[in-house]
Amino acid sequence: MKNGLTIITLFLLYSCNKIDSSDIILPIITEIVCVETDSYGDIKKIVTDNKKQYLVSGYNETQLSPDTVYRVICTYYLESLGTASIISTYNILSEYAIPHSILSGFIKTDPIKLTSIWSGGGYLNIVFQITTLNKVHIISAIDYTEGSKVKFGIYHDAQGDDSLFTKSNYMSIPLNLYNFLSIGDSITFVFNSYDGEEERTIAFK
């Protein structure tokens, strides 16, 4: 499976005679990152999963809470060393997993199609698809961890929705509560696919 969600697009426009600096469009990057807001709720910083940080200015097209960290899909380009300009952001589900004991007897596991899963930036990042028509699906992460064996699942209640369209979903489970994890330790993810129960093992990074 793909180990990350990063798309880089590079366009070079040129004439037959020479390349002019005004004809170059900078690389566009789309990836899951953390963004930090200032006291006004404007995004002031991008922090990538590789721990790179870029200052942002002039982007206030979202209604975000002040002084907060958000997990988002961010499309941006680098203006200069240490600064970036954001084109768009899309908030993704990033909440602590619910202990399975709290949900005991009430866990819904309607199927998903797992597209990608990887560890990075202190999160377990999951990209998956669901089939839908017009109902709101209830989705959350479930914590099945026992001792030092970290294990997650997915709560998915399709609420009887019909299967007409395919929709992509993104989830980042924070891992800071599992501070006993070391690089290379295994994280297990279980889910119900359209073919039955499946399991994946991911190395913590």
Side-chain angles (χ1 to χ4, degrees), residues 1-8 29-34 47-52 69-75 90-132 135-161 163-205:
M1 284 192 175
K2 188 178 177 182
N3 293 323
L5 181 71
T6 305
I7 303 171
I8 301 179
I29 303 169
T30 299
E31 61 182 343
I32 296 178
V33 300
C34 290
V47 182
T48 74
D49 286 359
N50 293 325
K51 302 188 184 303
K52 295 180 179 179
V69 176
Y70 288 89
R71 191 74 169 161
V72 303
I73 298 175
C74 186
T75 299
Y90 175 77
N91 287 7
I92 65 175
L93 180 62
S94 183
E95 300 174 348
Y96 289 109
I98 303 171
H100 73 94
S101 57
I102 295 177
L103 298 170
S104 181
F106 299 95
I107 297 177
K108 300 280 290 185
T109 57
D110 287 329
I112 66 168
K113 179 181 179 181
L114 186 65
T115 303
S116 182
I117 183 168
W118 72 98
S119 170
Y123 295 84
L124 180 63
N125 305 291
I126 307 162
V127 183
F128 61 96
Q129 295 179 334
I130 60 173
T131 55
T132 181
K135 293 186 179 180
V136 176
H137 293 217
I138 301 173
I139 297 171
S140 187
I142 308 172
D143 189 352
Y144 291 106
T145 299
E146 294 183 0
S148 61
K149 295 182 179 180
V150 180
K151 182 178 180 179
F152 298 108
I154 188 164
Y155 180 101
H156 177 209
D157 182 359
Q159 303 200 85
D161 199 7
S163 302
L164 186 59
F165 305 109
T166 298
K167 179 182 178 182
S168 294
N169 288 262
Y170 305 84
M171 175 186 292
S172 285
I173 304 173
L175 298 176
N176 59 308
L177 296 181
Y178 313 88
N179 53 15
F180 51 84
L181 282 171
S182 298
I183 300 299
D185 283 353
S186 294
I187 300 172
T188 302
F189 180 70
V190 294
F191 62 100
N192 190 27
S193 75
Y194 294 95
D195 297 319
E197 294 183 0
E198 296 191 31
E199 179 178 303
R200 298 288 187 273
T201 301
I202 306 93
F204 175 70
K205 295 182 181 180

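Values below: every heavy atom of this structure, side chains too, minus hydrogens, waters and symmetry copies. Note that the structure is predicted; figures quoted are calculated from it, not measured.
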Under the 3.5 angstrom rule, does the side chain of [X] hit a backbone N or O of [Y] as a donor-acceptor pair?
| X | Y | result |
| --- | --- | --- |
| Asp185 | Ser182 | yes |
| Ser119 | Leu124 | no |
| Ser186 | Thr201 | no |
| Asp157 | Gln159 | yes |
| Asp110 | Lys108 | no |
| His156 | Pro111 | yes |

[atom2] on [Y] to [atom1] on [X], rounded to 0.5 Å:
| X | Y | atom1 | atom2 | value |
| --- | --- | --- | --- | --- |
| Thr132 | Phe165 | OG1 | CZ | 8.5 Å |
| Phe152 | Ile142 | CZ | CD1 | 11.5 Å |
| Ser168 | Phe128 | OG | CZ | 9.5 Å |

List the atom of [X], the atom of [Y], and the distance in Å for their closest heavy-atom pair.
| X | Y | value |
| --- | --- | --- |
| Cys34 | Tyr123 | SG-OH, 3.5 Å |
| Ala158 | Lys135 | O-CB, 4.4 Å |
| Asn125 | Ser172 | OD1-OG, 2.7 Å |
| Ala203 | Gly184 | CB-O, 4.2 Å |
| Ala141 | Ile173 | CB-CD1, 3.6 Å |

In the structure I gave you, are the side-chain heavy atoms of [X] and [Y] within less than 4.5 Å of one another anywhere?
| X | Y | value |
| --- | --- | --- |
| Ile130 | Asn169 | yes |
| Val150 | Thr188 | no |
| Met171 | Ile154 | yes |
| Tyr90 | Tyr170 | yes |
| Ile117 | Phe189 | yes |
| Tyr155 | Ile138 | yes |
| Ile92 | Ile73 | yes |
| Thr109 | Ile107 | yes |

Tell me, with the steps shown, if Leu175 and Ile187 meet side-chain contact (heavy atoms from CB on, under 4.5 Å).
-> CA-CA 10 Å; Leu175 298 176; Ile187 300 172; 3.8 Å; yes

Side chains of [X] and [Y]: is there a donor and an acceptor less than 3.5 Å apart?
| X | Y | answer |
| --- | --- | --- |
| Thr131 | Ser163 | yes |
| Asn91 | Arg71 | no |
| Glu198 | Ser193 | yes |

Give a yes or no on whether Phe180 atom CZ has more than 12 heavy-atom contacts from other residues, nucleotides or ligands under 6.0 Å away.
->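 More than 12 within 6.0 Å, yes.
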
So does Lys113 pair up with Asp195, basic N to acidic O under 4.0 Å?
->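 Between Asp195 and Lys113 there is no salt bridge, as every charged N stays at least 4.0 Å from the carboxylate O atoms.
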
Let me know which of Ile112, Leu114, Thr166 forms a side-chain contact (heavy atoms from CB on, under 4.5 Å) with Gln129.
->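 In the set Ile112, Leu114, Thr166, the residue that makes a side-chain contact (heavy atoms from CB on, under 4.5 Å) with Gln129 is Thr166.
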
List the steps and the verdict of side-chain contact (heavy atoms from CB on, under 4.5 Å) for Glu197 and Phe191.
-> CA-CA 6 Å; Glu197 294 183 0; Phe191 62 100; over 6 Å; no

If you look only at pairs with a residue in residues 138-152, which of them pass as a side-chain hydrogen bond (donor to acceptor under 3.5 Å, both in side chains), with sequence neighbours excluded?
->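 Applying side-chain hydrogen bond (donor to acceptor under 3.5 Å, both in side chains) to every pair that reaches into residues 138-152, excluding sequence neighbours, yields Asp143-Thr145, Asp143-Tyr178.
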
Residues in salt bridge (charged side-chain N to carboxylate O under 4.0 Å, His left out) with Asp161, at least two apart?
->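 Asp161 satisfies salt bridge (charged side-chain N to carboxylate O under 4.0 Å, His left out) with no other residue.
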
